[in-house]
Number of protein chains: 4
Amino acid sequence: MSNLADVKAGLRSLHIETPSWAYGNSGTRFKVFPQQGVPRTPFEKISDAAQVHRFTGTAPSVALHIPWDRVDDFAGLAAYAHDQGVRIGAINSNVFQDPDYMLGSVTNPDPRVRRKAVQHLLECVDIMDATGSRDLKLWFSDGLNYPGQDDLRDRQDRLAEALREVYDRLGQGQRMLLEYKLFEPAFYATDVPDWGTSYAHCVELGPKAAVCIDTGHHAPGTNIEFIVAFLLRAGRLGAFDFNSRFYADDDLMAGAADPFQLFRIMYEIARADALGPDIAFMLDQCHNIEPKIPAVLRSVMNVQEATAKALLVDRDALRSAQQTGDVLGANAVLMDAYNTDVRPLLADLRAESGLDPDPTAAYRRSGYAERIIAERAGGQQAGWGA
Amino acid sequence: MSNLADVKAGLRSLHIETPSWAYGNSGTRFKVFPQQGVPRTPFEKISDAAQVHRFTGTAPSVALHIPWDRVDDFAGLAAYAHDQGVRIGAINSNVFQDPDYMLGSVTNPDPRVRRKAVQHLLECVDIMDATGSRDLKLWFSDGLNYPGQDDLRDRQDRLAEALREVYDRLGQGQRMLLEYKLFEPAFYATDVPDWGTSYAHCVELGPKAAVCIDTGHHAPGTNIEFIVAFLLRAGRLGAFDFNSRFYADDDLMAGAADPFQLFRIMYEIARADALGPDIAFMLDQCHNIEPKIPAVLRSVMNVQEATAKALLVDRDALRSAQQTGDVLGANAVLMDAYNTDVRPLLADLRAESGLDPDPTAAYRRSGYAERIIAERAGGQQAGWGA
Amino acid sequence: MSNLADVKAGLRSLHIETPSWAYGNSGTRFKVFPQQGVPRTPFEKISDAAQVHRFTGTAPSVALHIPWDRVDDFAGLAAYAHDQGVRIGAINSNVFQDPDYMLGSVTNPDPRVRRKAVQHLLECVDIMDATGSRDLKLWFSDGLNYPGQDDLRDRQDRLAEALREVYDRLGQGQRMLLEYKLFEPAFYATDVPDWGTSYAHCVELGPKAAVCIDTGHHAPGTNIEFIVAFLLRAGRLGAFDFNSRFYADDDLMAGAADPFQLFRIMYEIARADALGPDIAFMLDQCHNIEPKIPAVLRSVMNVQEATAKALLVDRDALRSAQQTGDVLGANAVLMDAYNTDVRPLLADLRAESGLDPDPTAAYRRSGYAERIIAERAGGQQAGWGA
Amino acid sequence: MSNLADVKAGLRSLHIETPSWAYGNSGTRFKVFPQQGVPRTPFEKISDAAQVHRFTGTAPSVALHIPWDRVDDFAGLAAYAHDQGVRIGAINSNVFQDPDYMLGSVTNPDPRVRRKAVQHLLECVDIMDATGSRDLKLWFSDGLNYPGQDDLRDRQDRLAEALREVYDRLGQGQRMLLEYKLFEPAFYATDVPDWGTSYAHCVELGPKAAVCIDTGHHAPGTNIEFIVAFLLRAGRLGAFDFNSRFYADDDLMAGAADPFQLFRIMYEIARADALGPDIAFMLDQCHNIEPKIPAVLRSVMNVQEATAKALLVDRDALRSAQQTGDVLGANAVLMDAYNTDVRPLLADLRAESGLDPDPTAAYRRSGYAERIIAERAGGQQAGWGA
């Protein structure tokens, strides 16, 4: 069995970044159901994110989304975050909501629109400079709804050109994370639909570019841990957007739909000793019908539990069974770890760090939920702004 | 080969109902891109739908959606439709956008919410009485996002109870159409997820209940024409919501994603001699990035073309090849019809009915598009209201 | 929390039937890799199955497959089983391997072939009489590879006619289990592709007919526990064929691919208090690359573990959270049970029954594997005979 | 509209390679149904393939599969092919049927097995030398059935090492085609599961390595024409294995399941002016229930028809509509070509080349089918040898 001290050390090195938009209202194309106490400003979102870190001790950074989180003074926002005990994480660009982007942003046939989109991406790097953020996360909704609508290959040329300009703007220690997604909102073809496309562009760009895996962005049946292992081997795994799904990009809480899959993913991370800061472990979720902060707490804990199980895998025993072709034995080693109840271990770990062993209960007792419901009445609640 | 007169007679018996909401703005959860000239009232939607009928001669009815199309005087709306050359088709209920329905409507654990939902459905029957509509179309977004969130079986009991009350309210000649959908907006379980669920409830309810097949509401790999054939055999196919998809419920134009599938579906209809009024052939689409009326025109024509091909199948030759186990021969008979270019035949048919052989060009020349853009500036454009 | 005695009582009432063919060689269309010690006769298969029961105490019956398990004296085979401590379970018909069935069996366009197929099914009922088997399990590979190949609707008529004749032959206390499957070996349309088709035929046939759910026979994204709940409510769930899959009908060990799904399925069983004999809980797996008896042991234990977790769900707390719309709370109740390590509980249960707490280790120590490898050299190993 | 002469020139430049194994018996894991007249030797397979070329004029080469097509004198086999009017195409390796390969070939944990597998691949290059074949086609069934069974990343290392050794053995003008496949026969993880994996290895290997796209080897919803366009842009599209599928790797006749998809794929080829010899356009199909030579004829004609439609696309009009963001207009240009009945054009083209305009009828009249049924009675029919 794994050494318990090693397991705990591994868990302590795991940091999970929460996204500012998870604290705002979200929904489907059918309806956004508003909730009480939802933030109205980027500052309030950071305040909420800080609660998650306060009770879990493992969520020290917050991803921003521009323009949803645009403020006049980004350095001030970063300072505010610092005061709350957290810091600014990845800067997420948004080139999918301006009316100009109806037919695409950086791959739009219209050069004026492409220029506008690239300018936005460059602005995001400015914001990275101002906030001290390391990562520029790029997700493009660009794609087609109908065959023939635009030229698939030309769009790759345009994409490459835009990425190159932005890449060249990156400063020392800054990175570009290129996310892929099978479909939605484009329903026939998406310009960065799979890890292969993202990987190929990253390799072409250079060492500062890496792939971001959103666990909900794959075709049915895709083996995500294979992609994780492959990209780790190639040195091109930059980040995760964790969430879970039964069907499409459902954006449910990480670990809610298939906890065994999350465990297998985290096992590949553990096996590569890659729990450290080189990979950004982010959440990207929509809490459409459940309260937001408790849902983020639960998601963070789900990732922690999957990681704990992954770290518990007896890698020597596993390798031995694998090398001798013992199919059932090797599988059993993995399942022994998965079937372990790691909640006591995580409770211990929290207690050792001076945290409440039960983050959800501690949050509930804190009165924060009641306070924000009272304080945030009125004003415009944050949301996707669709 | 099929007799040309029979093919034309079959095509003349095909009526396609267009939905009022296809003329309004729509989009994804990421963005609704507004378009110019979009209707602001149910009357303007009917006016647009009338254009589609005017140029195709095959779209004589308009489905309404309540409350999106609520007016004070439904009889007046029906009269207006009549003046425009069309009539009111199915009444579509909406129990998914009121905040009360966040956790379900007729299957909600809260009896107050269930009561409210049933009242809405009963109101829809009142509107049927007022407009002379035959069909009540029920789609429930009810479902769960997380395992355990509610009891799957209790929800079926509640569903059955609500359906029974509404069914018993139906008048002479009125029908209930129960639509199913795999997922979205519920992401873990949907209360009416497949044709089997809808069928079982319909059989329990009685002869006025029938299944509505939305062609975009299936799991990947589902053979839709099998369902069509099965329900026709069982006498429980009540309606179609035509649209097309590559991934999920993409709501693209019918025939745009897989024209061969649409042909196979229409072949089962033709084979059962079921092109008449007993089945409501409706569109249910979202024209997120393309102009709405031209997109509906194209969709109607796509369904017509698929139907023409289906009618061209040499059923005697097909049966003969099938009976003798001639796999390639039987497939070839079907493909011969599919590979035929039926556009000249449909142009002839239009000309024989005094229509322009090219509905799209005729619509373009009519100046209607320019007129509504000018007239409908200002006001609140119709949309899904999410 | 659930009462531990109740949990144990529930687990004791769970009987898992293993299939004779799981002990024989199997493979893919690419290759059947033979293994050592594989049975050569139905008697040897029963002997292997008896080992699984000997070490788990929960697998007291063996399903037969005709003609693979045809013997001259079925009563003798039943007596042999009895001597080994097990009994004959379901009789599985095979109308997919005779050359006559290339284009279908009971749905074949050729009436001679249909007659032959029905005769085989009737023979299976004779074997039920001879062996004391209760259940006739019907799976039809019937379907089409190409559109047009045969008439979808005629095939339903033929299917209904064949089922009726066989149903009417069933004796007192005998049942018909109708299995469905999305695809394979038919690649365009399958005549019983989904639970809806099976259900509709069962309802038409009468109370002795019920649906068999093979957990690997669904389209991607299908919510299987929904089907379980629905069929339980309708009184038409007759049996399971447990196995697991990542892609298609992979026939991996139950619980190997998605243990959380298996738990959710067993929860619906537990919630309906349906762990008793009315539902046949069978395995249907192919151990292509792993040793067969240990793989069946593991599968049986996986089903037990999922069931133990399902029984541990605090149903009062769950219902309370569900009734109040506490989405996260209800989900948490379910997950608390799932996250519990139930292996100690099952070890206790085994010890209480005089069994070794670790069936796999006990089997390994028994020397049975070495003995059959030695004894079964030579002869024709059992397999699918494809 | 496109110039007719250009369309015909394009069609004349299209060569389709047929696989030797398509003429032998094939089936599913459930059953291989034998057919009459099936070849017993590689020579008889080539004779059958020559018939396809004789009647279509577009299938001048035959892919071999080693060891299924192993002969003592490969130069003699090549000469025989030449006499029949065809030539040897790609050499397909087989490292999936020897018992040693149960847990993998080039990625097997056992170095002895890896060595054996690499030796086989090197032997295939020898056969290329002997037959004048240009392409080594590599498909690996290597993968895992169970999580943990082996180390995903180590297997990539082993794969890279094996590919490197074989790549370095390639002679002047020889190429390596690396095929990918989502699943089957491995059911949890496949070592080359997607185009990204194949592409990354090819880039690492060098310019002689290119990706082979089997149209049936993707996850549901994958946009294959996107991959085609991407690989063409990257200069790494080496070959196609055409076939069609509704579900998994069904290996049905090309164009049978989704003719519109085949058209879109061929459009990307036409758009890149890539119909020439640099890409190997191969079939890879299983004619389980239909006669083999007629099925291959039909498949070749289906690819020709899709290509003809692709060449008919008015690329100027398309580009113009695309550039102006005319979504419906651009789609209409594509659909105009797709909806054209190109069978008369292809009949003309055949007549111009001295061929019968109807290859299927000409083949039927030739008496070849009757002759091989008579001549090939007795002996061991060719098949997959599973």
Side-chain angles (χ1 to χ4, degrees), chain A residues 102-103 108-110 144-154 156-157 182-183 188-191 193-200 203 218-223 225-230 232-234 260 264 267-268 271-272 313 318-319 321-325 327-328 330-335, chain D residues 102-103 108-110 144-154 156-157 182-183 188-191 193-200 203 218-223 225-230 232-234 260 264 267-268 271-272 313 318-319 321-325 327-328 330-335:
Chain A
M102 186 172 81
L103 302 182
N108 197 300
D110 184 342
L144 313 176
N145 272 7
Y146 292 103
Q149 178 188 327
D150 197 5
D151 188 87
L152 292 171
R153 186 164 164 176
D154 287 350
Q156 289 299 314
D157 291 338
L182 180 66
F183 80 101
Y188 157 62
T190 297
D191 292 318
D194 54 19
W195 76 265
T197 304
S198 179
Y199 170 82
V203 168
H218 302 86
T222 301
N223 184 322
E225 60 267 30
F226 173 88
I227 301 173
V228 172
F230 193 95
L232 281 167
R233 179 178 178 272
F260 183 43
R264 299 193 309 265
Y267 170 71
E268 292 302 325
R271 180 249 180 257
V313 172
L318 181 62
R319 175 158 299 264
Q322 289 173 342
Q323 293 290 324
T324 53
V327 175
L328 291 176
N331 176 250
V333 172
L334 202 76
M335 298 311 293
Chain D
M102 187 171 81
L103 301 183
N108 198 300
D110 183 342
L144 313 175
N145 272 8
Y146 292 103
Q149 178 187 328
D150 196 5
D151 189 86
L152 291 172
R153 186 164 163 175
D154 287 349
Q156 289 299 313
D157 292 338
L182 180 67
F183 80 100
Y188 158 61
T190 297
D191 293 318
D194 54 20
W195 76 265
T197 305
S198 178
Y199 169 83
V203 168
H218 302 86
T222 302
N223 185 322
E225 60 267 29
F226 174 88
I227 300 173
V228 172
F230 193 94
L232 281 168
R233 180 178 177 273
F260 183 43
R264 299 193 309 265
Y267 171 71
E268 292 302 325
R271 181 249 182 257
V313 172
L318 182 62
R319 176 159 296 265
Q322 289 172 343
Q323 293 290 325
T324 54
V327 175
L328 290 176
N331 176 249
V333 171
L334 201 76
M335 298 312 292

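- Contact annotation for A/Glu225: both backbone and side-chain heavy atoms come within less than 4.5 Å of a heavy atom of chain D.
- Most heavy-atom pairs under 4.5 Å with chain D, from the set A/Asp150, A/Val203, A/Asp191: that is A/Asp150.
- Among D/Asp157, D/Leu144, D/Leu103, the residue with the largest count of heavy-atom pairs under 4.5 Å with chain A is D/Asp157.
- The choice from A/Leu328, A/Leu232, A/Val333 that makes the most heavy-atom pairs within less than 4.5 Å of chain D is A/Leu232.
- Among the candidates A/Tyr267, A/Trp195, A/Phe260, the residue making the largest number of heavy-atom pairs closer than 4.5 Å to chain D is A/Trp195.
- Counting heavy atoms from C-beta outward, A/Phe226 and D/Gln156 have side chains that approach closer than 4.5 Å.
- Interface summary for chain D: among A/Asp194, A/Val228, A/Leu182, the most heavy-atom pairs under 4.5 angstrom belong to A/Asp194.
- Looking at A/Thr190, only its backbone comes within 4.5 Å of chain D, counting heavy atoms on both sides.
- Counting heavy-atom pairs closer than 4.5 Å to chain A, the top-ranked of the candidates D/Ala321, D/Ala200, D/Ser198 is D/Ala200.
- The shortest non-hydrogen separation linking A/Gly148 to D/Leu318 is O-CD1, 3.6 Å.
- Shortest non-hydrogen contact noted between A/Ala219 and A/Thr222 is O-OG1, 2.8 Å.
- Only the side chain of A/Arg264 comes within contact range of chain D, judged by heavy atoms closer than 4.5 Å.
- Comparing A/Asp151, A/Ile227, A/Asp110, A/Asn331 by how many heavy-atom pairs each has under 4.5 Å with chain D, the most go to A/Asp151.
- Using a 4.5 Å cut-off between heavy atoms, A/Asn223 contacts chain D through its side chain alone, with no backbone atom that close.
- Checking each of A/Gln322, A/Gln323, A/Arg271 against D/Asp154 for a side-chain hydrogen bond (donor to acceptor under 3.5 Å, both in side chains) leaves exactly one that passes, namely A/Arg271.
- Between chain A and the options D/Pro147, D/Gly221, D/Pro220, the largest number of non-hydrogen pairs under 4.5 Å is found for D/Pro147.
- Considering only heavy-atom pairs separated by less than 4.5 Å from chain D, the leading option among A/His218, A/Arg319, A/Met335, A/Met102 is A/Arg319.
- Smallest separation of non-hydrogen atoms from D/Ala189 and D/Leu152: CB-CD2, 3.7 Å.
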